Amino acid sequence: MTDMQMLGDEGMEHYLDNAATTRVSDAAAQAALAAMTGEFGNPSSRHQAGGRAAQALKEHRGVIAKALGARPEEVVFTSCGTESDNWAIRGAVRLNRRKGKHIITTAIEHDAVLEPCRELEREGYEVTYLKPDRTGNITAQQVADALREDTVLVSMMLVNNELGTILPVGEVAKLLKTRKSAALLHCDAVQGFLHVPFTVGALGVDLLSISGHKVHAPKGIGALYIKSGIKLPAMIVGGHQEENLRSGTEATAQIAAFAAAVEEWQSKRVQIGSRLSQLKEYAAQKLLDEVPGLETVGGGEAPHILPVTLVGYKSEVVVRFLSDRGIFVSSGSACHKGKPSHVFAALNLPKKQMDGVLRISFSAYNTMEDVDALVDGLKQAKEQLFASLS
Ligand code: PLP
């Protein structure tokens, strides 16, 4: 794993916010450079340079498809997880528009799912937002109870980005089948992809979103799995790329990098998995042992996400304090930019716990020294910051 220990070696910074984004791996960066400066042709061009770019695109799509357990033609590249989520939701309800106007999702989805749902509510759809229990779990039974004749879409994430909880997507798929529901099943697997083992077939989903920058590829690349036979309306029309589903010249460099990052992860899957688990276990133990007043939050099982709360302290203040010392964690989803997180709000935590929530998230580039630095930083924060009076 030494070739993955880059961040720890690069000076004094300790990046522990890998659920927000990850460092691009060297293999991914090299693949992007080669695609930008070597095989830079347009895959749609008829000449040899275009042909080589098209061949590379085909191979890269194959890598992502294989990692998902999908067929290459079921994988469409997008610009990010948000685009994949938006497209899946808007497209699924359009496809099913004659079958009803009810959607089931969860109250702890990413805004990339919640916002299009809210938009659809304004257009006359009814959306059921399933609430988690205190640990952040949602059950398939809740979906069973909410399911109606006119339900056209169920959207449930695989791994929650703030809590690390793993949701029962596979069970929901079985339920929809048993109930012979017309609802399409979408899964936001942005935080689950590679981190927890799954195939689209075993999950039984119709649509599934992933994003490159959470797995050591650059920002600006994602994909949507669309099960064959599902005629999702196009995301972008114009140039006929991606089987007419998402026009626009393919982002060949990002795609090459995405494939390289995924290939590297898969070749080190066991090592990365055990490294993440060790980091999380070590951090949880050391934080609980050495930082009085710190508690873990939720029952998240994902190996890379550890939510904790420093009871009585304001998380934004603690995040800033740590940041000034080169230690980077999040006060919740980076997308919320200081607003209280709807995910932790859905847990109904007491205010003192809620205010102090910090999300620590790991990658294989992290070392135990990063955790030690975090623990020291939090001890200093406790000594030097005033507890809030709330
Ligand atoms: N879904 C989840 C669960 C996420 O964690 C994120 C990013 O944080 C997204 C969707 C959005 O992905 P992207 O940043 O690629 O748009």
Side-chain angles (χ1 to χ4, degrees), residues 15-24 28 64 68 75-90 105-118 129-130 132 136-138 154-169 186-196 198 203 205 207-225 235-236 246 251 254-255 257-258 261-262 298 300-307 328-339 341-344 346 357 359-363:
Y15 185 83
L16 289 159
D17 197 15
N18 292 281
T21 197
T22 56
R23 174 201 192 278
V24 173
I64 306 298
L68 289 169
V75 173
V76 183
F77 288 111
T78 61
S79 66
C80 57
T82 301
E83 180 186 327
S84 301
D85 285 345
N86 275 227
W87 182 18
I89 288 159
R90 291 176 179 150
T105 188
T106 82
I108 59 170
E109 296 296 310
H110 192 275
D111 277 335
V113 166
L114 294 177
E115 280 299 324
C117 285
R118 288 186 198 114
Y129 299 94
L130 302 176
N137 279 310
I138 291 179
V154 178
S155 182
M156 179 180 266
M157 67 199 328
L158 187 59
V159 170
N160 181 269
N161 48 306
E162 299 187 47
L163 293 162
T165 39
I166 301 177
L167 273 58
V169 179
H186 166 248
C187 175
D188 174 343
V190 166
Q191 294 290 346
F193 182 51
L194 303 182
H195 288 97
V196 296
F198 73 87
L203 274 187
V205 292
L207 302 159
L208 182 134
S209 310
I210 57 173
S211 174
H213 74 104
K214 310 291 184 182
V215 293
H216 305 300
K219 293 153 195 66
I221 185 68
L224 182 66
Y225 158 78
M235 177 68 198
I236 305 178
R246 187 187 184 275
Q254 280 100 324
I255 293 168
F258 195 7
V262 168
E301 294 155 347
H304 63 306
I305 299 176
L306 176 63
F328 306 134
V329 299
S330 161
S331 57
S333 168
C335 305
H336 291 94
K337 298 221 163 91
K339 276 194 276 155
S341 147
H342 65 278
V343 174
F344 293 107
V357 163
R359 179 186 66 184
I360 302 154
S361 50
F362 306 100
S363 82

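Just follow the structure's listing: the first ligand is 1, and inside any ligand the first atom is 1. Keep in mind the model is a prediction, meaning the values are calculated, not measured.
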If we set the cut-off at 4.0 Å for heavy atoms, which region of [X] has an atom near ligand 1: side chain, backbone, both, or neither?
X: Cys80; value: both
X: Asp85; value: side chain
X: Lys214; value: side chain
X: Glu109; value: neither

Can you see whether [X] engages [Y] through a side-chain donor-acceptor pair at a distance of less than 3.5 angstrom?
X: Asn160; Y: Thr165; result: no
X: His304; Y: Gln191; result: yes
X: Thr22; Y: Ser363; result: no

I'd like to check the side chain to side chain contact (heavy atoms under 4.5 Å, CB included) partners of Val24; sequence neighbours left out, ordered by chain and number.
Ala28, Ala29, Pro218
Ligand 1 N/O within reach of Val190 N/O, cut-off under 3.5 Å:
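Checking ligand 1 against Val190, no N or O pair falls under 3.5 Å apart.
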Only heavy atoms count here, so choose which of Thr82, Val343, Ile305 is nearest to atom 11 (C) of ligand 1.
Thr82
On a heavy-atom basis, which atom in Asp17 and which in Ser361 lie closest, and how many Å separate them?
C-OG, 3.2 Å
Which ligand 1 atoms are under 4.0 Å away from a heavy-atom of His213?
13 (P), 14 (O), 15 (O)
Hey, which atoms in ligand 1 end up nearer than 4.0 Å to a heavy atom of Met157?
3 (C)
Would you please name every residue forming a salt bridge (Lys or Arg N to Asp or Glu O under 4.0 Å) with Glu301, sequence neighbours left out?
none
